Amino acid sequence: MKLLPITLIAIGAAALPGWAFAATDGDPQKGKEAAVVCVACHQADGTGKNNPNGESWPQLAGLDAAYLAKQLSDYKSGQRENATMKPFANMLSEQQVADVAAYYSQLTPSQGQGGENADEATLARGEMLAQRGDWADYIVSCKSCHGPGNQGAGEAFPGIAGQHAGYIEAQLKAWQAGTRKNDPQDLMGTIARRMSDEDIRAVAAWLSTQPPQSN
Amino acid sequence: MKPTFAITALAGSLLLAGGVAANERTEDYLNTLTELGYPAPKENQLVHIPPTMQDLEASDMHPELKRVIRRGYDLFTDTQQLRGENVFNNMNCSSCHLGEGRMPFSAPVWPAAVTLPNFRGKNGHVNNLEERIAGCFTYSMNGKPPEYGSDNMLALAAYHQWLAKGVEMYPEKPIYGRGFPAPERPEELSYANGEKLYQEQCAVCHSENGEGLQVDGKTVFPAPWGDGSNNWGAGIVRVFTAAGFIKNNMPLGQPLSLSDQEAWDIAYYISNQERPQDPRYTGDVKETLEKYGPTFHKHSLYGQASEATGETLGDHDNTGEKDFLKPDTVRPRTFE
């Protein structure tokens, strides 16, 4: 059966929808070279670090290359704001953005930190939000967008399982505050704004204890 | 912060099942729903917010019963575990019945447990809960229902029935949030506008060509049309049902964000695409249309020229992934 109308193919090729990032092919080897300035924070193996008393450095290892490239471009353009990250994103050419994205996407992620000391009730609440949502507040489960095991779905929905709790918390709060608003169609912002501080803490703690995607 | 919904004012007229806990839960949901723009219950409506899986664990029902209800829940939210056996597309029951089949305005499934057995126009005889569930397997899942009385069928029915806990049988009041209430149909429907809106607001998840997204063989985003979708006999092929579903539930997390016109235009766009054959197909699309037009297809685009391709919609033998047309549950009953 022919399901795809020709017009759709034409549209897809002519103009990329807003969420699709026109990715250049990246060279992981060149990316590794360009990433020498990144290791101070994101670590040599790309697994980042949870910093309980300061800004956490996200784990980049194993994230989707197109997602990573979009984030770096968004820092460069000011679509995504962060004072720490902006100067480093600005150092990269468009080609280097593609290269480092390709490089980090190939690294093996390790277990996130920051959820080790969470109590059972907090983890149970976090698991519920991530796996089933809380429809009393119209909080759709994280996994319905972030995919099975919250390990990511396509290039638009990054893996969040095994990410550092401090970073997850910071991002959800950034969406609430309106300082992160580079998500397609406000899809993430809508959900984040329905969450309480306790919800955010709980889901961040639980997700950090889950296995990250292993490519 | 949330405005508190004036539930006390309504308490006299609402039929609330299950005591104080259910009362609080209902209040929470109604606050959220009205804040999102859903209508508040009317004076004469029956309001029921089903129990949650935590309520199940906390209850003192027989452990075996709990286990079976849990199994029903698991089948409802991960129906893909029956792929190739009972399910032949990418859907889970919860792909259309959001919030585990519990949400008002997302065709919550519990009403079937308290309004059936009853006569159904779609098949012209009296149906019970199992037959209603079998209907969604046959059409929405493009599948073959589990045997009546089988473990899986019983578990699914038990889940539906437990969701209805505390509601009277054959209620006379109309049910708040039942089905996918359609917004008013605008005068003109625009295929072009529907296509544009779909690509802008839906394709990020359901993909440009409607095939959705699967990751590691699990459905993340179901397919609104094509081989992985429901077949031509499913309720959602009626344009008004699709418009009602979309308006009240999509984009995911942002219900009621589309105007009535937009919801209808997108529904019309989707309705112009192909999908697996109606299991009631007689071998001829015109004849099938004549037979099932009056009760069903007068609301769909089945048998009409597609605005996408110009070809007659449903004029094919494609049954999708399954190798049969009609499961043997699709048959008349006479009670004679």
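Below, chains carry the letters A, B, ... as their sequence lines are ordered, and counting in each starts from 1. These numbers were taken from a predicted model, which means no experiment stands behind them.
Residue B:Tyr73 touches chain A through its side chain alone, counting heavy-atom pairs closer than 4.5 Å. Residue B:Ile49: no heavy atom, backbone or side chain, is found under 4.5 Å from chain A. Residue B:Leu252 touches chain A through both its backbone and its side chain, counting heavy-atom pairs closer than 4.5 Å. Residue B:Gln214 does not touch chain A at all, counting heavy-atom pairs closer than 4.5 Å.
Contacts from residues 122-134 of chain A to chain B, taken as heavy-atom pairs separated by less than 4.5 Å, involve A:Met128, A:Arg132 in sequence order. Residues of residues 186-203 of chain A placed with any heavy atom under 4.5 Å of a heavy atom in chain B are listed by number as A:Asp186, A:Leu187, A:Thr190, A:Ile191, A:Arg194.
In plain terms, the two heavy atoms of B:Gly253 and A:Tyr138 that are nearest each other are CA-CE2, 3.9 Å. Nearest approach of B:Leu213 to A:Gly154, heavy atoms of both residues: CD2-N, 4.0 Å. Nearest approach of A:Pro148 to B:Val220, heavy atoms of both residues: CD-CG2, 3.6 Å.
Counting heavy atoms of neighbouring residues, nucleotides and ligands inside a 6.0 Å radius, atom NZ of B:Lys218 does not exceed 12 of them. Atom NZ of A:Lys76 is surrounded by more than 12 heavy atoms from other residues, nucleotides or ligands within 6.0 Å. Atom CD of B:Glu57 has more than 12 neighbouring heavy atoms from other residues, nucleotides or ligands inside a 6.0 Å radius. Other residues, nucleotides and ligands contribute at most 12 non-hydrogen atoms within 6.0 Å of the NZ atom of A:Lys30. Summarising the local packing, CG of A:Asp119 is surrounded by more than 12 heavy atoms from other residues, nucleotides or ligands at distances under 6.0 Å.
In this structure, A:Trp135 CH2 and B:Leu98 CG are separated by 4.0 Å, a value rounded to the nearest 0.5 Å. Note that the CD atom of A:Gln185 and the SG atom of B:Cys205 stand 7.0 Å from one another [nearest 0.5 Å].
Ranking B:Val215, B:Thr219, B:Thr52, B:Asp317 against chain A, the residue ahead of the rest is B:Val215, based on heavy-atom pairs under 4.5 Å.
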